[in-house]
Amino acid sequence: MSNFIQCNQGHTHFGRYGAAGVLLYRFRESGEVEMLLAKRAQGTDEEGTWSTIGGAMDQGETPQAAAIREVKEELGINLDDFQTTETIVYDHGNWSYTTSLSTPKDRNMKIQFKLLTSEISEVRWVSRPELERIGTLHKGFQESLPELLTLLPLWGGCLDSHIKALEGGRKLRR
């Protein structure tokens, strides 16, 4: 059985039960926000494009559990040391994609990746201005990016108040 589905809006998506992912972000020493993007490996849906870490949900799996699983599988990291500051759902009727925005609880945390190279060929931390030079973005990520950027803090000095204002993660539906 195919893992692709046509949603009520007429788009074809990977993940019969929906999909979920995480936009990890952190702050450079300058305070500038940077986000982690992954380049999709050869043989994957929309190969060679840049996007968040994520993928298809399993039957009965929650979006949060799927995102945690995908980050563990694809990057080899555990999200226990990260704070989710936002969660947004792109609902297409019979299919949805949930994106969580998460940042390390410890600003000085060193993050070591162990890439699942069958799904990701490269990861890169990029700032807002660097997005224009990174290359082709995954279609769904590109469509959601303007809204995702409004949810990211503008500067590192805002992190504590940003997290307190959104304690537990504000959930938005689109």
Side-chain angles (χ1 to χ4, degrees), residues 19-41 46 48-55 62-91 96-117 119-174:
V22 179
L23 179 59
L24 296 175
Y25 69 93
R26 67 181 185 184
F27 301 92
R28 294 181 174 169
E29 285 185 25
S30 66
E32 184 177 23
V33 175
E34 61 182 1
M35 61 206 96
L36 185 71
L37 297 183
K39 189 173 189 179
R40 302 172 74 80
E46 293 193 49
T49 61
W50 292 88
S51 188
T52 58
I53 310 303
T62 66
Q64 180 184 15
I68 291 168
R69 176 183 50 77
E70 289 287 338
V71 168
K72 181 71 171 167
E73 289 174 1
E74 296 180 7
L75 296 179
I77 63 171
N78 191 320
L79 287 179
D80 288 345
D81 295 326
F82 289 79
Q83 168 73 43
T84 296
T85 57
E86 299 276 0
T87 299
I88 187 163
V89 178
Y90 295 94
D91 191 344
S96 65
Y97 190 95
T98 302
T99 303
S100 297
L101 283 74
S102 299
T103 191
K105 292 176 183 174
D106 176 0
R107 284 182 73 152
N108 299 313
M109 181 174 127
K110 301 292 183 220
I111 304 171
Q112 300 284 338
F113 301 114
K114 183 178 178 187
L115 298 184
L116 178 61
T117 56
E119 295 197 26
I120 296 175
S121 61
E122 179 183 351
V123 292
R124 193 179 303 169
W125 290 101
V126 296
S127 65
R128 284 175 170 90
E130 292 165 347
L131 277 169
E132 295 176 12
R133 299 185 303 273
I134 196 166
T136 305
L137 300 178
H138 182 279
K139 183 175 49 176
F141 177 60
Q142 186 171 4
E143 290 171 4
S144 64
L145 187 58
E147 187 167 21
L148 291 170
L149 290 175
T150 67
L151 300 176
L152 285 173
L154 293 175
W155 206 254
C158 303
L159 177 63
D160 292 336
S161 60
H162 183 73
I163 289 175
K164 286 178 185 166
L166 303 169
E167 200 65 42
R170 179 174 58 184
K171 295 188 180 7
L172 305 172
R173 292 192 74 82
R174 301 288 179 249

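Checked against side-chain hydrogen bond (donor to acceptor under 3.5 Å, both in side chains), Q142 has no partners two or more places apart in sequence or in another chain. For P146, the side-chain contact (heavy atoms from CB on, under 4.5 Å) criterion is met by no residue, not counting sequence neighbours. Residues satisfying the side-chain hydrogen bond (donor to acceptor under 3.5 Å, both in side chains) criterion with T98, sequence neighbours excluded, are absent altogether. Residues meeting the side-chain hydrogen bond (donor to acceptor under 3.5 Å, both in side chains) test with E34, sequence neighbours left out: R26, R28. Not a single salt bridge (Lys or Arg N to Asp or Glu O under 4.0 Å) links E143 to another residue, sequence neighbours left out. Qualifying side-chain hydrogen bond (donor to acceptor under 3.5 Å, both in side chains) partners for E73, counting only residues two or more places apart in sequence or in other chains: R69.
Heavy-atom minimum distance, A20 versus P63: CB-O, 3.4 Å. Residue T52 comes nearest to V22 through the heavy atom pair CB-O, 3.5 Å, listed as atom of the first residue, atom of the second, then distance. The two residues P153 and F27 come nearest to each other via the heavy atoms CG-CZ, 3.9 Å. Residues D80 and N78 share a closest heavy-atom pair of N-OD1, 2.9 Å. Nearest approach of F141 to S51, heavy atoms of both residues: CB-OG, 3.5 Å.
Under the 4.5 Å side-chain criterion, counting only non-hydrogen atoms from C-beta, L101 is in contact with L152. Residues P129 and E32 meet the side-chain proximity criterion, which asks for heavy atoms closer than 4.5 Å. Using a 4.5 Å heavy-atom threshold, the side chains of L79 and L24 count as touching. Within the 4.5 Å cutoff, the side chain of W50 has no heavy atoms near those of the V126 side chain. The closest side-chain heavy-atom distance from E130 to W125 is not below 4.5 Å. The shortest distance between side-chain heavy atoms of S144 and T99 does not fall below 4.5 Å. Annotation: side chain of L115 is in contact with side chain of L75 (closest heavy-atom distance under 4.5 Å).
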Q | Derivation of the side-chain contact (heavy atoms from CB on, under 4.5 Å) call for L131 and L149 | A | CA-CA 11 Å; L131 277 169; L149 290 175; 4.1 Å; yes
Q.
side-chain contact (heavy atoms from CB on, under 4.5 Å) for F113 and L36? Distances and angles first, verdict last.
A. CA-CA 11 Å; F113 301 114; L36 185 71; 3.7 Å; yes
Q) Can you list the steps and then say if V33 with T103 is a side-chain contact (heavy atoms from CB on, under 4.5 Å)? A) CA-CA 10 Å; V33 175; T103 191; over 6 Å; no
Q: Begin with the C-alpha distance, continue with both residues' side-chain angles, and end with the deciding distance and a verdict on side-chain contact (heavy atoms from CB on, under 4.5 Å) for M35 and L148.
A: CA-CA 11 Å; M35 61 206 96; L148 291 170; over 6 Å; no
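Separating the CD1 atom in I88 from the CD atom in E147 is a distance of 3.5 Å, to the nearest 0.5 Å. Taking OG of S121 as the start and CG of L116 as the end, the distance is 11.5 Å to the nearest 0.5 Å. Note that CG of L23 and CG of L145 are 8.5 Å apart. Values are rounded to the nearest 0.5 Å. Remark: H138 NE2 to L37 CG distance equals 12.5 Å, nearest 0.5 Å. Separating the CD atom in E86 from the OG atom in S100 is a distance of 10.0 Å, to the nearest 0.5 Å. Between T117 atom OG1 and K114 atom NZ the span is 10.5 Å, to the nearest 0.5 Å.
In this structure, a donor-acceptor pair under 3.5 Å is present between the side chains of T85 and Y25. Neither side chain, T49 nor T136, offers a donor N or O lying under 3.5 Å from an acceptor on the other.
Residue Q64 qualifies as open at atom CD: its count of foreign heavy atoms under 6.0 Å is 12 or below.
E74 contributes no side-chain N or O that, together with a main-chain N or O of I120, makes up a donor-acceptor pair within less than 3.5 Å.
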